[in-house]
Amino acid sequence: MIHRPALSVVIPCFNEEACLPELHKRVSAAAHAVVGADHEIILVNDGSRDRTWEVMKALAATDPLLVCINLSRNHGHQLALTAGLDLCGGDNILIIDADLQDPPELLGPMLEAMKAEGADVVYGVRRKRAGETLFKKVTAAGFYRLLSRLTDIDIPLDAGDFRLMSRRALDALLALPEQARFVRGMVAWIGFTQRPFLYDRAERFDGESKYPLSKMIKFALDAVTGFSTAPLRFASHAGMALVGVSLVMLAYILFGWFSGRAVAGWTSTMLIVVVLGAAQMFVLGMIGEYLGRLYMESKRRPLYIVADIAGSARPPHRLGHVAAQAEITAASETPGGSGSAPSA
Ligand code: UDP
Ligand code: MG
(Lines give C-alpha, C1' and ligand atoms only; values in the text may rest on other atoms or scores of the structure.)
(Ligands and ions follow the chains in the order given, each with its own letter.)
Protein backbone atom coordinates (compact mmCIF):
# COMPACT_ATOMS: atom_id res chain seq x y z
CA MET A 1 0.00 0.00 0.00
CA ILE A 2 1.23 3.44 -0.77
CA HIS A 3 1.69 5.83 2.09
CA ARG A 4 -0.53 8.88 2.00
CA PRO A 5 1.46 11.90 3.18
CA ALA A 6 -0.31 14.31 5.51
CA LEU A 7 0.26 17.14 3.06
CA SER A 8 0.83 17.64 -0.65
CA VAL A 9 1.87 21.02 -1.97
CA VAL A 10 1.08 21.41 -5.67
CA ILE A 11 2.83 24.11 -7.69
CA PRO A 12 2.42 24.75 -11.44
CA CYS A 13 5.50 26.40 -12.95
CA PHE A 14 6.00 28.10 -16.30
CA ASN A 15 9.35 29.79 -16.93
CA GLU A 16 10.05 30.10 -13.22
CA GLU A 17 13.73 29.06 -13.09
CA ALA A 18 14.68 32.09 -10.99
CA CYS A 19 11.94 31.50 -8.41
CA LEU A 20 12.41 27.78 -7.88
CA PRO A 21 15.30 27.56 -5.36
CA GLU A 22 13.73 30.17 -3.07
CA LEU A 23 10.28 28.66 -3.60
CA HIS A 24 11.53 25.21 -2.66
CA LYS A 25 13.31 26.56 0.40
CA ARG A 26 10.30 28.42 1.74
CA VAL A 27 7.67 25.82 0.90
CA SER A 28 9.80 23.04 2.33
CA ALA A 29 10.42 25.00 5.55
CA ALA A 30 6.72 25.81 5.91
CA ALA A 31 5.71 22.18 5.33
CA HIS A 32 8.35 20.84 7.75
CA ALA A 33 7.16 23.29 10.39
CA VAL A 34 3.63 21.94 10.17
CA VAL A 35 3.81 18.22 9.34
CA GLY A 36 7.53 17.41 9.56
CA ALA A 37 8.73 15.10 6.80
CA ASP A 38 5.26 13.69 6.21
CA HIS A 39 4.67 15.71 3.06
CA GLU A 40 5.40 15.87 -0.64
CA ILE A 41 6.02 18.87 -2.84
CA ILE A 42 4.85 18.45 -6.42
CA LEU A 43 6.33 20.82 -8.96
CA VAL A 44 4.75 20.70 -12.40
CA ASN A 45 6.80 22.06 -15.27
CA ASP A 46 4.29 23.37 -17.78
CA GLY A 47 6.47 23.27 -20.88
CA SER A 48 8.79 26.06 -19.79
CA ARG A 49 11.16 27.55 -22.33
CA ASP A 50 13.84 28.41 -19.79
CA ARG A 51 15.84 26.10 -17.52
CA THR A 52 12.93 25.36 -15.15
CA TRP A 53 13.06 21.60 -15.74
CA GLU A 54 16.85 21.42 -15.23
CA VAL A 55 16.53 23.39 -11.99
CA MET A 56 13.70 21.09 -10.86
CA LYS A 57 15.77 17.98 -11.48
CA ALA A 58 18.69 19.46 -9.56
CA LEU A 59 16.41 20.28 -6.64
CA ALA A 60 14.81 16.83 -6.74
CA ALA A 61 18.25 15.32 -6.29
CA THR A 62 18.62 17.18 -3.01
CA ASP A 63 15.19 16.56 -1.52
CA PRO A 64 13.50 13.14 -1.46
CA LEU A 65 10.18 14.80 -0.66
CA LEU A 66 10.16 16.62 -3.97
CA VAL A 67 8.42 15.17 -7.01
CA CYS A 68 8.84 16.96 -10.31
CA ILE A 69 6.54 16.38 -13.23
CA ASN A 70 7.46 17.50 -16.72
CA LEU A 71 4.51 18.01 -19.03
CA SER A 72 5.09 17.34 -22.71
CA ARG A 73 4.38 20.98 -23.63
CA ASN A 74 2.74 24.12 -22.28
CA HIS A 75 -0.80 23.06 -21.35
CA GLY A 76 -1.69 26.27 -19.49
CA HIS A 77 -1.85 27.09 -15.80
CA GLN A 78 -5.15 25.36 -15.03
CA LEU A 79 -4.21 22.07 -16.68
CA ALA A 80 -0.72 22.07 -15.17
CA LEU A 81 -2.38 22.54 -11.81
CA THR A 82 -4.81 19.71 -12.60
CA ALA A 83 -1.89 17.41 -13.45
CA GLY A 84 -0.31 18.10 -10.06
CA LEU A 85 -3.60 17.61 -8.25
CA ASP A 86 -4.28 14.39 -10.11
CA LEU A 87 -0.95 12.92 -9.15
CA CYS A 88 -0.63 14.06 -5.56
CA GLY A 89 -1.52 11.76 -2.71
CA GLY A 90 -1.78 13.92 0.39
CA ASP A 91 -4.56 13.99 2.97
CA ASN A 92 -4.53 17.77 2.69
CA ILE A 93 -3.51 19.64 -0.40
CA LEU A 94 -2.08 23.13 -0.67
CA ILE A 95 -2.21 24.84 -4.07
CA ILE A 96 0.23 27.71 -4.48
CA ASP A 97 1.80 29.68 -7.34
CA ALA A 98 5.49 29.38 -8.08
CA ASP A 99 6.24 33.09 -7.92
CA LEU A 100 5.86 33.40 -4.12
CA GLN A 101 3.10 35.98 -4.42
CA ASP A 102 1.19 33.79 -2.00
CA PRO A 103 3.30 33.34 1.16
CA PRO A 104 3.91 29.60 1.87
CA GLU A 105 4.25 30.49 5.56
CA LEU A 106 0.46 30.88 5.70
CA LEU A 107 0.19 27.09 5.49
CA GLY A 108 0.22 26.76 9.30
CA PRO A 109 -2.51 29.34 9.95
CA MET A 110 -4.59 27.99 7.06
CA LEU A 111 -4.39 24.46 8.42
CA GLU A 112 -5.43 25.74 11.83
CA ALA A 113 -8.36 27.61 10.32
CA MET A 114 -9.35 24.45 8.47
CA LYS A 115 -9.35 22.39 11.66
CA ALA A 116 -10.97 25.07 13.82
CA GLU A 117 -13.84 25.61 11.41
CA GLY A 118 -14.17 22.02 10.25
CA ALA A 119 -13.77 23.23 6.68
CA ASP A 120 -12.89 21.21 3.60
CA VAL A 121 -11.54 24.18 1.71
CA VAL A 122 -9.74 27.25 3.01
CA TYR A 123 -9.22 29.70 0.14
CA GLY A 124 -6.98 32.72 0.13
CA VAL A 125 -8.71 36.05 -0.45
CA ARG A 126 -6.46 38.87 -1.56
CA ARG A 127 -6.71 41.89 0.66
CA LYS A 128 -3.92 43.72 -1.14
CA ARG A 129 -2.10 42.95 -4.34
CA ALA A 130 1.41 44.31 -4.31
CA GLY A 131 3.39 44.94 -7.48
CA GLU A 132 0.57 44.27 -9.93
CA THR A 133 -0.34 46.71 -12.66
CA LEU A 134 -3.40 48.91 -12.34
CA PHE A 135 -4.73 47.24 -15.49
CA LYS A 136 -4.45 43.79 -13.87
CA LYS A 137 -6.13 44.93 -10.66
CA VAL A 138 -8.98 46.72 -12.44
CA THR A 139 -9.66 43.91 -14.92
CA ALA A 140 -9.46 41.28 -12.16
CA ALA A 141 -11.84 43.20 -9.89
CA GLY A 142 -14.30 43.76 -12.76
CA PHE A 143 -14.02 40.17 -13.96
CA TYR A 144 -14.80 38.56 -10.60
CA ARG A 145 -17.79 40.83 -10.09
CA LEU A 146 -19.15 40.18 -13.57
CA LEU A 147 -18.63 36.46 -13.08
CA SER A 148 -20.52 36.42 -9.81
CA ARG A 149 -23.46 38.15 -11.50
CA LEU A 150 -23.48 35.69 -14.39
CA THR A 151 -23.18 32.45 -12.46
CA ASP A 152 -25.49 30.70 -10.07
CA ILE A 153 -22.77 29.37 -7.79
CA ASP A 154 -20.84 31.59 -5.43
CA ILE A 155 -17.35 31.88 -6.85
CA PRO A 156 -15.51 33.88 -4.18
CA LEU A 157 -14.47 37.39 -5.14
CA ASP A 158 -10.75 38.22 -5.30
CA ALA A 159 -9.64 34.66 -4.67
CA GLY A 160 -7.07 32.89 -6.81
CA ASP A 161 -6.02 29.26 -6.73
CA PHE A 162 -4.12 29.66 -3.45
CA ARG A 163 -6.05 27.30 -1.19
CA LEU A 164 -5.90 24.37 1.15
CA MET A 165 -8.19 21.43 0.45
CA SER A 166 -9.08 18.19 2.14
CA ARG A 167 -8.70 14.90 0.31
CA ARG A 168 -12.45 14.43 -0.07
CA ALA A 169 -12.79 17.91 -1.56
CA LEU A 170 -9.96 17.21 -4.00
CA ASP A 171 -11.45 13.85 -4.98
CA ALA A 172 -14.73 15.61 -5.68
CA LEU A 173 -12.91 18.19 -7.79
CA LEU A 174 -11.05 15.53 -9.76
CA ALA A 175 -14.34 13.84 -10.57
CA LEU A 176 -15.25 16.80 -12.79
CA PRO A 177 -14.10 15.74 -16.23
CA GLU A 178 -14.20 18.96 -18.26
CA GLN A 179 -11.37 20.05 -20.52
CA ALA A 180 -11.89 23.80 -20.15
CA ARG A 181 -10.98 24.01 -16.50
CA PHE A 182 -11.54 27.03 -14.32
CA VAL A 183 -10.29 25.41 -11.15
CA ARG A 184 -11.32 28.05 -8.63
CA GLY A 185 -14.89 27.97 -9.95
CA MET A 186 -14.95 24.17 -9.97
CA VAL A 187 -13.83 24.12 -6.34
CA ALA A 188 -16.67 26.50 -5.46
CA TRP A 189 -19.07 24.19 -7.32
CA ILE A 190 -18.22 21.06 -5.31
CA GLY A 191 -19.60 22.57 -2.12
CA PHE A 192 -18.69 21.30 1.38
CA THR A 193 -17.68 23.88 3.96
CA GLN A 194 -15.45 26.51 2.39
CA ARG A 195 -13.89 29.34 4.36
CA PRO A 196 -12.08 32.48 3.18
CA PHE A 197 -8.66 33.32 4.52
CA LEU A 198 -7.62 36.96 4.14
CA TYR A 199 -4.04 37.68 3.17
CA ASP A 200 -1.89 40.27 1.46
CA ARG A 201 -0.53 39.22 -1.89
CA ALA A 202 3.17 39.95 -2.25
CA GLU A 203 5.06 40.98 -5.34
CA ARG A 204 6.39 38.36 -7.69
CA PHE A 205 9.74 37.05 -6.40
CA ASP A 206 11.24 37.24 -9.87
CA GLY A 207 10.31 37.67 -13.51
CA GLU A 208 7.04 38.85 -15.00
CA SER A 209 3.47 37.62 -14.93
CA LYS A 210 3.00 34.54 -17.11
CA TYR A 211 -0.51 35.70 -17.89
CA PRO A 212 -0.41 37.96 -20.94
CA LEU A 213 -3.69 39.50 -22.11
CA SER A 214 -4.37 36.61 -24.53
CA LYS A 215 -4.21 34.04 -21.69
CA MET A 216 -6.33 36.28 -19.47
CA ILE A 217 -9.04 36.44 -22.15
CA LYS A 218 -9.04 32.66 -22.62
CA PHE A 219 -9.17 32.22 -18.85
CA ALA A 220 -12.10 34.63 -18.54
CA LEU A 221 -13.99 32.97 -21.41
CA ASP A 222 -13.45 29.52 -19.89
CA ALA A 223 -14.76 30.84 -16.60
CA VAL A 224 -17.89 32.41 -18.06
CA THR A 225 -18.78 29.64 -20.51
CA GLY A 226 -17.89 26.95 -17.99
CA PHE A 227 -20.21 28.26 -15.32
CA SER A 228 -22.97 30.14 -17.02
CA THR A 229 -25.22 30.05 -20.02
CA ALA A 230 -26.25 33.65 -19.35
CA PRO A 231 -24.51 34.87 -22.55
CA LEU A 232 -26.60 32.42 -24.60
CA ARG A 233 -29.71 33.63 -22.85
CA PHE A 234 -28.62 37.19 -23.53
CA ALA A 235 -28.21 36.25 -27.19
CA SER A 236 -31.75 34.95 -27.43
CA HIS A 237 -33.12 37.96 -25.52
CA ALA A 238 -31.24 40.31 -27.83
CA GLY A 239 -32.65 38.35 -30.77
CA MET A 240 -36.19 38.77 -29.45
CA ALA A 241 -35.66 42.49 -28.87
CA LEU A 242 -34.45 42.84 -32.45
CA VAL A 243 -37.55 41.04 -33.72
CA GLY A 244 -39.63 43.60 -31.79
CA VAL A 245 -37.69 46.48 -33.32
CA SER A 246 -38.01 45.06 -36.82
CA LEU A 247 -41.80 44.68 -36.42
CA VAL A 248 -42.05 48.38 -35.58
CA MET A 249 -39.88 49.18 -38.58
CA LEU A 250 -41.99 46.96 -40.79
CA ALA A 251 -45.07 48.90 -39.75
CA TYR A 252 -43.28 52.15 -40.51
CA ILE A 253 -42.14 50.93 -43.93
CA LEU A 254 -45.57 49.64 -44.87
CA PHE A 255 -47.10 52.91 -43.74
CA GLY A 256 -44.65 54.79 -45.95
CA TRP A 257 -45.46 52.55 -48.91
CA PHE A 258 -49.23 52.81 -48.57
CA SER A 259 -49.16 56.55 -48.02
CA GLY A 260 -46.89 56.96 -51.05
CA ARG A 261 -44.27 58.81 -49.08
CA ALA A 262 -41.59 56.16 -49.40
CA VAL A 263 -38.13 57.68 -49.73
CA ALA A 264 -35.03 55.89 -50.88
CA GLY A 265 -33.18 56.41 -47.60
CA TRP A 266 -29.62 55.24 -48.00
CA THR A 267 -28.57 56.31 -44.48
CA SER A 268 -31.28 54.44 -42.67
CA THR A 269 -30.78 51.35 -44.81
CA MET A 270 -27.06 51.29 -44.14
CA LEU A 271 -27.68 51.87 -40.47
CA ILE A 272 -29.99 48.91 -40.27
CA VAL A 273 -27.65 46.69 -42.25
CA VAL A 274 -24.66 47.61 -40.09
CA VAL A 275 -26.45 47.37 -36.75
CA LEU A 276 -28.17 44.09 -37.56
CA GLY A 277 -24.98 42.67 -39.06
CA ALA A 278 -22.99 43.52 -35.96
CA ALA A 279 -25.64 42.16 -33.62
CA GLN A 280 -25.79 38.91 -35.59
CA MET A 281 -22.03 38.50 -35.62
CA PHE A 282 -21.91 39.13 -31.89
CA VAL A 283 -24.61 36.60 -31.13
CA LEU A 284 -23.11 34.04 -33.52
CA GLY A 285 -19.71 34.55 -31.93
CA MET A 286 -21.16 33.89 -28.52
CA ILE A 287 -22.87 30.73 -29.70
CA GLY A 288 -19.60 29.78 -31.36
CA GLU A 289 -17.75 30.02 -28.04
CA TYR A 290 -20.05 27.40 -26.58
CA LEU A 291 -20.12 25.26 -29.69
CA GLY A 292 -16.32 25.25 -29.87
CA ARG A 293 -16.06 24.14 -26.27
CA LEU A 294 -18.68 21.47 -26.83
CA TYR A 295 -16.63 20.23 -29.76
CA MET A 296 -13.40 20.17 -27.76
CA GLU A 297 -15.10 18.37 -24.88
CA SER A 298 -16.56 15.79 -27.24
CA LYS A 299 -13.06 14.68 -28.23
CA ARG A 300 -12.48 13.40 -24.71
CA ARG A 301 -8.74 13.85 -24.94
CA PRO A 302 -6.57 13.42 -21.88
CA LEU A 303 -6.23 16.71 -20.02
CA TYR A 304 -2.44 16.70 -20.13
CA ILE A 305 0.48 14.53 -21.17
CA VAL A 306 3.35 13.81 -18.81
CA ALA A 307 6.78 13.48 -20.41
CA ASP A 308 9.04 12.82 -17.41
CA ILE A 309 8.92 12.46 -13.67
CA ALA A 310 11.94 13.24 -11.54
CA GLY A 311 12.78 12.46 -7.97
CA SER A 312 9.92 10.16 -7.13
CA ALA A 313 11.34 8.81 -3.91
CA ARG A 314 7.75 8.31 -2.99
CA PRO A 315 5.96 7.96 -6.28
CA PRO A 316 2.97 10.21 -6.67
CA HIS A 317 -0.02 8.42 -5.34
CA ARG A 318 -2.23 8.39 -8.37
CA LEU A 319 0.44 8.18 -11.00
CA GLY A 320 -1.64 5.52 -12.70
CA HIS A 321 -1.63 5.63 -16.44
CA VAL A 322 0.90 8.41 -16.75
CA ALA A 323 3.62 6.24 -15.22
CA ALA A 324 3.64 4.10 -18.31
CA GLN A 325 4.04 6.98 -20.70
CA ALA A 326 6.42 9.06 -18.62
CA GLU A 327 10.10 8.55 -18.45
CA ILE A 328 10.91 8.34 -14.77
CA THR A 329 14.25 9.96 -14.12
CA ALA A 330 16.03 9.32 -10.88
CA ALA A 331 13.58 6.51 -10.15
CA SER A 332 14.62 6.04 -6.63
CA GLU A 333 15.67 3.27 -4.41
CA THR A 334 15.42 5.60 -1.47
CA PRO A 335 14.56 3.87 1.79
CA GLY A 336 10.93 4.35 2.66
CA GLY A 337 9.89 4.85 -0.92
CA SER A 338 8.13 2.06 -2.73
CA GLY A 339 10.67 2.36 -5.51
CA SER A 340 8.57 2.27 -8.61
CA ALA A 341 5.45 3.89 -9.81
CA PRO A 342 2.18 2.11 -9.24
CA SER A 343 0.61 0.71 -12.33
CA ALA A 344 -2.78 1.80 -13.53
N1 UDP B 1 1.68 29.17 -15.05
C2 UDP B 1 1.68 27.91 -15.67
N3 UDP B 1 1.42 27.84 -17.01
C4 UDP B 1 1.16 28.95 -17.77
C5 UDP B 1 1.13 30.21 -17.12
C6 UDP B 1 1.39 30.28 -15.76
O7 UDP B 1 1.91 26.89 -15.02
O8 UDP B 1 0.94 28.80 -18.97
C9 UDP B 1 1.96 29.24 -13.61
C10 UDP B 1 3.02 30.23 -13.19
O11 UDP B 1 4.31 29.68 -13.25
C12 UDP B 1 2.59 30.57 -11.77
C13 UDP B 1 1.08 30.48 -11.84
O14 UDP B 1 0.78 29.70 -12.99
O15 UDP B 1 3.07 29.60 -10.85
C16 UDP B 1 0.41 31.83 -11.92
O17 UDP B 1 1.00 32.59 -12.94
P18 UDP B 1 1.43 34.11 -12.73
O19 UDP B 1 2.02 34.29 -11.38
O20 UDP B 1 2.29 34.52 -13.87
O21 UDP B 1 0.01 34.82 -12.82
P22 UDP B 1 -0.43 36.15 -12.06
O23 UDP B 1 -0.06 35.99 -10.61
O24 UDP B 1 0.29 37.26 -12.72
O25 UDP B 1 -1.91 36.19 -12.27
MG1 MG C 1 1.74 35.53 -9.90
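Both ligands and their constituent atoms are indexed starting at 1 by order of listing. Numbers for residues simply follow the sequence, beginning at 1.
In this structure the side chain of Leu147 reaches within 4.5 angstrom of the side chain of Phe143, judged on heavy atoms. Here the side chains of Tyr304 and Asp86 are in contact, with some heavy-atom distance below 4.5 Å.
The Mg ion (ligand 2) has an N, O or S atom of Gln101 closer than 2.8 Å.
Looking at Asp97 and Arg201, a side-chain N of the basic residue comes within less than 4.0 Å of a carboxylate O on the acidic one, giving a salt bridge. Checked for salt-bridge contact, Asp158 and Arg127 miss the test: no charged N lies under 4.0 Å from a carboxylate O. Between Arg181 and Asp222, none of the side-chain N atoms (NZ, or NE/NH1/NH2) sits under 4.0 Å from a carboxylate O, so this pair counts as no salt bridge. Under 4.0 Å is where a charged nitrogen must lie from a carboxylate oxygen, and between Glu112 and Lys115 no such pair does. One finds no salt bridge joining Arg204 and Glu208 here, because no Lys/Arg side-chain nitrogen approaches an Asp/Glu carboxylate oxygen to under 4.0 Å.
With values rounded to the nearest 0.5 angstrom, Thr62 atom OG1 is found 14.5 Å from Lys57 atom NZ. Here the CG-CD1 distance, from Asp46 to Ile69, works out to 12.0 Å after rounding to the nearest 0.5 Å.
Here atom 2 (C) of ligand 1 lies nearest to Phe14 when heavy atoms of Phe162, Phe205, Phe14 are compared. Comparing heavy-atom distances from atom 6 (C) of ligand 1 across Arg201, Lys210, Lys215, Met216 singles out Lys210 as nearest.
Other residues, nucleotides and ligands place no more than 12 heavy atoms under 6.0 Å from the OH atom of Tyr252.
When heavy-atom distances to ligand 1 are checked against a 4.0 Å cut-off, Asp97 comes that close through both its backbone and its side chain. At a heavy-atom distance under 4.0 Å, no atom of Asn15 approaches ligand 1.
With hydrogens left out, the protein atom closest to atom 18 (P) of ligand 1 is Arg204 NH2, 3.5 Å, a heavy atom. In terms of protein heavy atoms, atom 21 (O) of ligand 1 is closest to Tyr211 CD1, 3.4 Å. At the top of the distance list for atom 14 (O) of ligand 1, counting protein heavy atoms only, stands His77 CD2, 3.1 Å. Glu16 OE2, 3.2 Å is the protein heavy atom nearest to atom 10 (C) of ligand 1. Here the heavy atom of the protein found nearest to atom 3 (N) of ligand 1 is Asp46 OD2, 2.7 Å. The nearest protein atom to atom 23 (O) of ligand 1, hydrogens excluded, is given as Gln101 OE1, 2.7 Å; this is a heavy-atom distance. For atom 9 (C) of ligand 1, the closest non-hydrogen atom of the protein is Pro12 O, 3.7 Å. For atom 24 (O) of ligand 1, the nearest protein heavy atom (residue, atom name, distance) is Ser209 OG, 2.6 Å.
Taking the Mg ion (ligand 2) as reference, Asp99 places its N/O/S atom OD2 nearest.
Between the side chains of Arg149 and Tyr144, no donor-acceptor pair of N or O atoms lies under 3.5 Å.
Aromatic ring orientation, His39 versus His32: perpendicular (interplanar angle above 60°, classes split at 30° and 60°).
For the pair Glu208 and ligand 1, the shortest N or O to N or O distance does not fall below 3.5 Å. Polar contact with ligand 1: absent for Gly76 (N/O pair, distance under 3.5 Å).
Numbered from 1 in the order shown, with element, the atoms of ligand 1 that lie under 4.0 Å from a heavy atom of Cys13 read 7 (O), 11 (O).
Heavy atoms of Lys136 approach ligand 1 to within less than 4.0 angstrom. Proximity of Gln78 to ligand 1 is not established, as no heavy-atom distance is less than 4.0 Å.
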